[in-house]
*Asks:* 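Attaching a single structure in C-alpha cells format; questions to follow.
Just so it is clear, the structure is predicted and the values come from calculations on it, not from any experiment. When a ligand or atom number is given, it counts from 1 through the structure's own listing order.
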Amino acid sequence: MFKNVLTAADVHEFKNWMTWADRFVILTHTGPDGDAVGSSLALCSFLRDKGKDAVVIVPDQAPDFLSWLPGFKDIHVYAADSGVCDELISKADVLCGLDFNTVSRIAGASAGFVSSKAKKIMIDHHPYPGPDFDLTVSHPELSSASELVYHFLCAMGQYKSITEDIATCMYTGIMTDTGGFSYSSSDPNLFIVVSSLLDAGVDKDAAYAHVFHSWSESRLRLQGFVLHEKMKIFKDCSTALITLSSGEMEKFDCRKGDTEGLVNMPLQILGIKMSVFLREDSERNQIKLSARSTGSVPCNRFASDFFGGGGHLNAAGGEFNGTLEQAVERFMTGLKSWKKSTDDSIRQLFKQQ
Ligand code: 5GP
Ligand code: MN
C-alpha cells in the first residue's frame with residue numbers, strides 16, 4: 001500500500017493559499033535537469049487545471065531532450081528574458097521553489113525572489129534546506145522532487161487530478177533523478193508511485209527513448225573522446241577525474257545537456273567510488289563541478305569542502321572561479337587533504353582494494 005510521507009496537515013497551509021492566490025510562479029535550479037523541469041511542469045499543469053495563472057521560470061535554458069514534455073514550450077528562461085521574469089516574480093502571490101534547497105541555486109532570479117512579498121514554499125529533496133521560505137517541504141529520503149510533488153498532490157486530496165500530462169512530467173523527473181531506476185530507487189514505495197503514474201497513462205518506453213535515446217552523432221563521439229582521452233584514474237584514491245575545456249566541447253558541437261551522464265561513467269570501473277567532472281562554462285565564465293559517488297562516500301562534502309557547492313550524498317555539484325588548470329589543482333589539493341581525513345566514510349576511498 002502507498003505510504004504518503006506527507007499528511008493533510010502538512011499541506012493545509014498551501015491549500016489555504018490556493019483559496020485566495022491566483023498568480024503562482026514556479027522556480028527551479030540553474031542547469032535544469034529532468035527532475036527540475038518535470039516536477040515544475042507537473043505542479044504548474046496541476047495549478048493551471050485548477051484555474052490558476054501559473055508559470056515556470058528556469059534560470060537558464062533546459063536541455064533539448066526534455067522539450068517533448070507537456071508544457072515545455074511555455075517555460076520562461078530567466079537568462080533570456082530577465083525583465084519579463086522579474087515582473088512575473090514581483091507580481092506573484094505565491095512563489096514555489098522546486099528541486100533546490102537554497103536561493104543561490106536560482107542564480108539571477110534570486111534577488112527578485114528574496115525581495116518578493118509573496119508566500120514562498122520549498123518542495124525539495126536535497127539535504128540541508130535553507131531559509132527564505134514560509135513553508136519548507138523537504139524530504140531528502142525521496143528519489144526526486146517529482147516523487148515529492150506526487151506525495152504533495154495526494155496529501156492535498158488531489159489524486160484524481162493527476163492527468164496523463166502531469167503524470168508524464170513526474171515520471172520523467174523520477175526516471176532521470178534515479179538514472180533510469182539504477183540508484184536512489186530502492187524504496188518499494190517509489191514503485192507504488194510509479195505504478196500509479198503508469199495507470200494515469202504514462203508511456204514509460206517513450207519517456208526513456210526521448211531522454212536516453214535522442215543523442216546526436218557528435219554527442220556519442222564526445223563520449224568516446226572523453227573516455228579515451230580525458231578520463232584520469234587515481235587508483236590509490238578510488239577516484240576518477242574528467243575535464244573538458246570550452247574548445248573541446250566546441251570541437252564536438254556540444255549542445256546543452258550533451259555532457260549529462262559523463263560523470264557517472266567512471267563508476268562503472270571496478271573499484272572506482274568517486275567520479276569528478278570539471279568543465280569550462282563559458283556562458284557563466286567559471287568552472288562547473290559535477291561529482292558522483294557510491295555507497296557512503298560523501299561526494300557532496302567534496303563539492304562543499306573544495307568547490308563551494310553541495311547536493312546529495314552520491315550526486316553533487318559546485319563551482320570554481322578560475323581556469324580549468326586551477327580547478328584541477330583544487331581537485332588535487334582536495335584529494336590530498338581528504339587522504340589525511342579520519343572520517344570513515346572518506347577513508348573508504350583510500351583503502352587498498
Ligand atoms: P549535476 O552534477 O547533475 O549538475 O548535479 C548533481 C546534484 O548536485 C543535483 O542534485 C544538484 O542539485 C546539485 N548541484 C549541482 N550543482 C550544484 C551547486 O553548484 N551547488 C549546490 N549546492 N548543489 C549543486
Ligand atoms: Mn532532483
Side-chain angles (χ1 to χ4, degrees), residues 26-43 58-60 62-63 65-66 97-108 110 122-130 132 137-152 169-180 183-185 190 211 240-242 244 256-267 274-279 281 283-284 286-293 298-321 327 330:
I26 298 159
L27 295 124
T28 191
H29 62 77
T30 175
D33 56 14
D35 187 34
V37 176
S39 60
S40 298
L41 286 178
L43 183 62
V58 293
D60 50 325
F65 65 77
L66 297 172
L98 269 79
D99 199 31
F100 68 91
N101 58 356
T102 132
V103 289
S104 62
R105 297 279 292 135
I106 53 173
S110 60
M122 174 200 294
I123 301 179
D124 182 44
H125 71 130
H126 292 89
Y128 317 119
D132 300 311
V137 183
S138 169
H139 282 268
E141 79 281 13
L142 295 184
S143 67
S144 52
S146 297
E147 185 187 359
L148 184 51
V149 169
Y150 179 89
H151 285 259
F152 193 80
C169 292
M170 291 193 285
Y171 179 83
T172 303
I174 296 170
M175 181 185 74
T176 52
D177 252 25
T178 59
Y183 48 80
S184 310
S185 48
L190 172 65
V211 172
L241 172 68
I242 292 173
L244 266 183
K256 197 114 202 163
D258 278 4
T259 57
E260 197 118 335
L262 286 176
V263 66
N264 297 84
M265 303 209 70
L267 294 179
M274 185 164 80
S275 170
V276 171
F277 174 37
L278 294 169
R279 74 171 162 85
D281 182 345
E283 235 174 67
R284 303 184 68 190
Q286 64 181 9
I287 307 300
K288 182 73 199 155
L289 166 112
S290 274
R292 299 289 185 271
S293 59
C299 74
N300 54 353
R301 274 180 51 199
F302 193 83
S304 63
D305 286 357
F306 309 114
F307 289 88
H312 310 279
L313 184 73
N314 296 137
E319 293 161 354
F320 180 81
N321 292 314
R330 172 70 60 88

*Asks:* What protein N/O/S atoms lie closer than 2.8 Å to the Mn ion (ligand 2)?
*Replies:* Asp35 OD2, Asp99 OD1, His125 NE2, Asp177 OD2
*Asks:* Between the main-chain N or O of Phe306 and the side-chain N or O of Arg330, is there a donor-acceptor pair closer than 3.5 Å?
*Replies:* yes
*Asks:* Can you give me a line-by-line list of nitrogen or oxygen pairs between ligand 1 and the protein shorter than 3.5 Å?
*Replies:*
residue, atom, partner, partner atom, Å
ligand 1, 2 (O), Ser290, OG, 2.6
ligand 1, 2 (O), Arg292, NH1, 3.0
ligand 1, 2 (O), Arg292, NH2, 3.2
ligand 1, 3 (O), Arg292, NH2, 2.9
ligand 1, 8 (O), Gly317, N, 3.2
ligand 1, 10 (O), His126, NE2, 2.8
ligand 1, 10 (O), His312, NE2, 3.3
ligand 1, 12 (O), Arg105, NH2, 2.9
ligand 1, 12 (O), His126, NE2, 3.0
ligand 1, 14 (N), Arg105, NH2, 3.4
ligand 1, 16 (N), Lys288, NZ, 2.8
ligand 1, 19 (O), Lys288, NZ, 3.0
ligand 1, 22 (N), Gly310, N, 3.2
ligand 1, 23 (N), Gly310, O, 3.2

*Asks:* Could you check, using the six-membered ring where one of them is a Trp, whether His312 and His125 have ring centers closer than 6.0 angstrom?
*Replies:* yes
*Asks:* Using modelled atom types and a 3.5 Å cut-off, is there a donor and acceptor pairing between side-chain atoms of Thr178 and backbone atoms of Ile174?
*Replies:* yes
*Asks:* Measure the shortest side-chain to side-chain distance between Tyr183 and Asn264 over non-hydrogen atoms and say whether it is less than 4.5 angstrom.
*Replies:* yes
*Asks:* Would you name the heavy atoms of Phe302 and Met274 that are closest together and state the gap between them?
*Replies:* CD1-CE, 3.8 Å
*Asks:* Output yes when Asp99 and Arg105 qualify as a salt bridge under the 4.0 Å nitrogen-oxygen rule, no when they do not.
*Replies:* no
*Asks:* If you count heavy atoms of other groups shown closer than 6.0 angstrom to CD of Gln286, is the number above 12?
*Replies:* yes
*Asks:* Would the distance check show the side chain of Asp35 and the main-chain N or O of Ser146 forming a donor-acceptor pair, the cut-off being under 3.5 Å?
*Replies:* yes
*Asks:* Hey, are the side chains of Asp177 and Ser143 touching, using non-hydrogen atoms and a 4.5 Å cut-off?
*Replies:* no
